[in-house]
2 protein chains.
Amino acid sequence: MMPARTRGSGCYRGRMGSTPATRTSYHHGALRQALVDGAREILAERGHDQFSLNEVARRVGVSTSAPYRHFRSRDELLAAVAEQGYEVLHQCLERAATATADAGERLLCMGGAYVRFAQDHPDLFVTMFRGQPGLGPVGHESFDVLLSAVVEAQRCAVIPTAPSAELMARSVWATVHGLAVLSLRQPHERFGLDEPAEDLAARTLSALLGL
Amino acid sequence: MMPARTRGSGCYRGRMGSTPATRTSYHHGALRQALVDGAREILAERGHDQFSLNEVARRVGVSTSAPYRHFRSRDELLAAVAEQGYEVLHQCLERAATATADAGERLLCMGGAYVRFAQDHPDLFVTMFRGQPGLGPVGHESFDVLLSAVVEAQRCAVIPTAPSAELMARSVWATVHGLAVLSLRQPHERFGLDEPAEDLAARTLSALLGL
DNA sequence: GCAGGAATGTTAGAAGCATTCACATTGTCG
DNA sequence: CGACAATGTGAATGCTTCTAACATTCCTGC
């Protein structure tokens, strides 16, 4: 009944908000992505410890067992969120990488983009680094973007060539990662100074790389 | 009945292992600490996602509601674990700080101690940085140890005095924290090189501080 | 020493969550 | 059009956290 079946994907006309969405057809149409989005909402609102798969289902307007048609487990949904996070991060890094022609400044921009990503999308950032260890394939792509920038900077001799590019990239990643984590945790605890985290990243990276 | 009541604390004669401990008296005697220890065991074995307060209680050999006499909630037990972590970290940092007289080398030792702490006690480390934001009071003490070392190194002019000591300490903390996190997550993924994380820390900090 | 309250532990149970299974509805393809 | 795959539902299981009423033990003031 109800001739509303806009062919699979897209026939979902619930509200974006947090009220239990109303559906017009038996099938949702785009449940998988809706679940990921709903999960992100809840993660952003209540944090990981309060996260509940049942609540995601309720919010999306579907029975609590429906998610299992798309994800084997609650953790797999969170993994999908993390994967989306790696994609967004990858885009942020690539945008930063192409923002400037100077190889040294490029590294600073990328560091800033990393911490800004963490602050703009804490739900994604926390999810990415909470689950099981290991980068997804897209995580490796993100690292490659950084690695290329380091290689290029070494080629231009704007940073020392002393440790290998991989080691140096790892140091850079670790540094900005630490900055991102701590900036999320202790907003400005103890340091009244509210230097934007990206500035702090640029300063720290400058020192680290001898720029 | 049963004249075994070695006066409160200490009358607990369960095994250290993971089998449900047997108790001889009604009262446990040192339940609070036993719960923290049990929690650490489970965290080390199964990780945070599998952590269950009920299981801690079972393992310690006590009913599932007994923990609530000592902790208002499951999270409060985890907070106690985190607090213990900050104490251990503090000791590690102080030991490293007094290991050498050279102000510059001291900073490297402390960085190494930080990542070694994370690797030796991942249960504590993860718990400390998983819960609600903010350092406990003991966390601040740990930071103060680092801050003092930076101040001293600046006084000896072995590191630049350019950014304030607080900012520099924050950079150092962030850097070693990032190294610790990533070393726990990607053991040696992608880098066949298995440079001990402490060496990586020393190298990275040397570059950061211009040592 | 002993009464009685403060600590501490127990049992039973409410409410919520993850997961599964049998079943219902719908899209799709021959 | 008719079967089959995909997708969603309802009910049930066994876990979890947490509360409430009750039991035992410690300890303190008399």
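By convention in this document, chain letters (A, B, ...) are assigned in the order of the sequence lines, proteins followed by strands, and residues within each chain are numbered from 1. Computed from a predicted structure; not experimentally measured.
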Which whole-number value in Å describes the distance from [X] [atom1] to [N] [atom2]?
X       : N      : atom1 : atom2 : value
B:Leu35 : C:dT8  : CG    : C1'   : 12 Å
A:Tyr68 : C:dT19 : OH    : P     : 4 Å
B:Leu78 : D:dC18 : CG    : P     : 10 Å
B:Arg59 : D:dT16 : CZ    : P     : 12 Å
B:Asp49 : C:dA18 : CG    : C1'   : 13 Å
B:Phe71 : C:dT8  : CZ    : P     : 12 Å
A:Leu31 : C:dT25 : CG    : P     : 19 Å

Does a side-chain N or O from [X] land closer than 4.0 Å to OP1 or OP2 of [N], or not?
X       : N      : answer
A:Ser65 : D:dG8  : no
A:Arg58 : D:dT9  : no
A:Arg74 : C:dA18 : yes
B:His70 : C:dG9  : yes
B:Ser63 : C:dG9  : no

Using the side-chain heavy atoms of [X], tell me which of these nucleotides is nearest: [options].
X       : options                : value
B:Val62 : C:dA18, C:dA22, C:dG9  : C:dG9
A:Leu53 : D:dC22, C:dT19, D:dT16 : C:dT19
B:Asn54 : D:dT16, C:dA18, D:dT9  : D:dT16
A:Arg69 : D:dC22, C:dA22, C:dT19 : C:dA22
B:Ser73 : D:dC18, C:dT8, C:dA18  : D:dC18

**Donor-acceptor contact below 3.5 Å, side chain B:Arg59 vs main chain B:Gly38** = no
Taking for A:Arg72 and for A:Glu55 the nucleotide of DNA chain C with the nearest heavy atom, the one nearer the 5' end belongs to A:Glu55
| said: For a quick check, tell me whether the side chain of A:Thr64 and the base of D:dT9 share a donor-acceptor pair closer than 3.5 Å. | reply: no
Between the OG atom in B:Ser142 and the CG atom in B:Leu93, the distance rounded to the nearest 0.5 Å is 5.5 Å
Exercise. Does the separation of the ring centres of A:His177 and A:Phe129 fall below 6.0 angstrom?
Worked result: yes
Do B:Phe117 and B:His121 make the cut of ring centroids closer than 6.0 angstrom? yes
Query raised in the report: Going by heavy atoms in the side chains, are B:Glu141 and B:Tyr86 under 4.5 Å from each other?
Result: no
